[in-house]
Amino acid sequence: MPLPMKINGLHHRTIWSDSNDPTHIQIIDQRHLPHHLVIEPLQTVAEAATAIRDMHVRGAGLIGATAGFGMYLAAIAPGNETVNERLKQGGELLCASRPTARNLAWAVERVLAETRDVSGEEDKKKMAFTVACAIADEDARFCRRLGEHGREIIRAISEKKDGAPVNVLTHCNAGWLAFVDWGSATAPIYAARDAGIAVHVWVDETRPWNQGAKLTAWELQQEGIECTLITDNTGGHLMQKGMVDLVIVGTDRTTRTGDVANKIGTYLKALAAHDNHVPFYVALPSSTFDWKLRDGMEIPIEERSGEEITQISGLTANGTIETVQLTAPGTRAANYSFDITPARLVSGLITERGICAANEEAISALFPDLA
Ligand code: MRU
């Protein structure tokens, strides 16, 4: 089996613990990509929360995995409190870091639940580590599986096109950088590539943070996948011209009825896809479902600093990354980070257990043990 995901040909995960010293948690600090590969150690739960809030790590699955390791760092922190008290405080700190991705609270709740009945302080710490590793490994495994299911959608389109490249449009980065390995929206693309199916990806730049331009285009290039960067407003035009066969996006939280929260602009892509009869799929591991919610409008939408819109950063000629002012000083900007795509616009959900319609009946039939 091939080993995604690679940087300069070497397999990497986005978060890992040092095999010689498991207390040593490391991440790729994504603020420096694609220009510099910077590895950052996380030594405390506060550092893990900062890494999530300030987007050193981002993407639903990776936020969840970082929260899992953050809980472990909380458990082993020095101090007079009990491990249970430290886990409770650590969980509150982590959950306050970003509001939209369900995976964050899901990971915190899982560590709390699986350590609760363990007796003995040292054993609780060991269990917190075991659970954090399990969350990360499961994320990678589930993404690989959903890639295999999604590959069959691409294969069917490829067969209809007599093997001509399948044009997939994606928004933001739901690639391996948004998870631990493989990614969600990109996993079917990598699986198709491994099956010898020709694929080309239209990459939305994804203003204002530019996850598409900085991360998705780079990770696809690292994997040798043909891709073209486009502005966020280009997708509708390409669909009208028959230049998009399929849209696959990720999600940060999906309700039990199939409403999807994803990076701002996703809803407009879904509308354009609907109008042009282009299939619109959402890929997610089950950790992204919010089983308590029925209405996407109840999902909390993060609002980030307007400076992410009024300023822009990039590589200078001397190799440093600098931020410059884009707008007139004092320009007011509203930075809503996510939007909701209603289930009626979603052709299907690609999960680790298979593909299902975006409705409560189909989702519950696939996940009877979780729903
Ligand atoms: O703000 P981000 O970068 O954490 O947003 C997450 C995303 O990259 C997207 O919304 C993505 O499509 C879903 S996360 C798998």
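Reckoned from all heavy atoms, side chains included, excluding hydrogens, waters and symmetry mates. Quick caveat: nothing in here was measured; it's all calculated off a predicted structure. Both ligands and their constituent atoms are indexed starting at 1 by order of listing.
- Residue Arg110 holds its CZ atom at 12.5 Å from CE of Met71, rounded to the nearest 0.5 Å.
- Between Met55 and ligand 1 there is a heavy-atom distance shorter than 4.0 Å.
- If you check which protein heavy atom lies closest to atom 14 (S) of ligand 1, you get Ala60 N, 3.3 Å.
- Between Cys172 and ligand 1, no pair of N/O atoms sits closer than 3.5 Å.
- Salt bridge annotation for Glu361-Arg256: absent, with no cationic side-chain nitrogen under 4.0 angstrom from a carboxylate oxygen.
- Each of the following atoms of ligand 1 lies closer than 4.0 Å to a heavy atom of Gln211: 1 (O), 2 (P), 3 (O).
- Residue-level proximity to ligand 1 for Glu302 is absent, since no heavy atom of it falls below 4.0 angstrom.
- For atom 11 (C) of ligand 1, the closest heavy atom belonging to the protein is Asn262 OD1, 3.2 Å.
- At a 3.5 angstrom cut-off on N or O pairs, Ser184 does not count as close to ligand 1.
- Under the 4.0 Å criterion applied to side-chain N and carboxylate O atoms, Lys263 and Glu302 are not assigned as salt-bridge partners.
- When each atom of ligand 1 is checked for a heavy atom of Asn173 under 4.0 Å away, the hits are 7 (C), 8 (O), 11 (C).
- Hydrophobic clustering keeps Leu345 apart from Leu349 (ILVMFWY residues linked when any side-chain heavy atoms are closer than 4.5 Å, directly or through intermediates).
- A salt bridge is defined here as a Lys NZ or Arg NE, NH1 or NH2 lying under 4.0 Å from an Asp or Glu carboxylate O, and Glu152 with Arg155 meets this definition.
- Taking atom 6 (C) of ligand 1 as the reference point, the nearest protein heavy-atom neighbour is Asp252 OD2, 3.2 Å.
- Protein heavy atom at the shortest distance from atom 5 (O) of ligand 1 is Lys263 CE, 3.4 Å.
- Classification of Arg31 and Asp29 as a salt-bridged pair holds, one side-chain N sitting under 4.0 Å from a carboxylate O.
- Under a 4.0 Å criterion applied to the non-hydrogen atoms of Phe179, ligand 1 contributes the atoms 15 (C).
- Within the 4.5 Å cutoff, no side-chain heavy atoms of Asn8 are placed close to those of Leu10.
- Atoms of ligand 1 lying under 4.0 Å from any heavy atom of Phe338, numbered from 1 in the order shown and given with element: 1 (O), 5 (O), 10 (O).
- Not a single heavy atom of Trp209 sits less than 4.0 Å from an atom of ligand 1.
- Atoms of ligand 1 lying under 4.0 Å from at least one heavy atom of Arg98, given by number and element, are 1 (O), 2 (P), 4 (O).
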Salt bridge (charged side-chain N to carboxylate O under 4.0 Å, His left out) evaluation trace for Asp232 with Arg207: CA-CA 7 Å; Asp232 291 329; Arg207 284 279 290 148; over 6 Å; no
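- Considering CG of Leu229 and NZ of Lys214, their distance stands at 12.5 Å, rounded to 0.5 Å.
- In this structure, the protein non-hydrogen atom closest to atom 8 (O) of ligand 1 is Arg58 NH2, 2.6 Å.
- At a 4.0 Å cut-off, at least one heavy atom of Gly59 sits close enough to ligand 1 to count as contact.
- Ion pairing between Asp137 and Arg13 holds under the 4.0 Å rule for side-chain N and carboxylate O.
- In this structure, Lys124 does not pair ionically with Glu122, as no charged nitrogen and carboxylate oxygen lie closer than 4.0 Å.
- The shortest N or O to N or O distance between Thr251 and ligand 1 is not under 3.5 Å.
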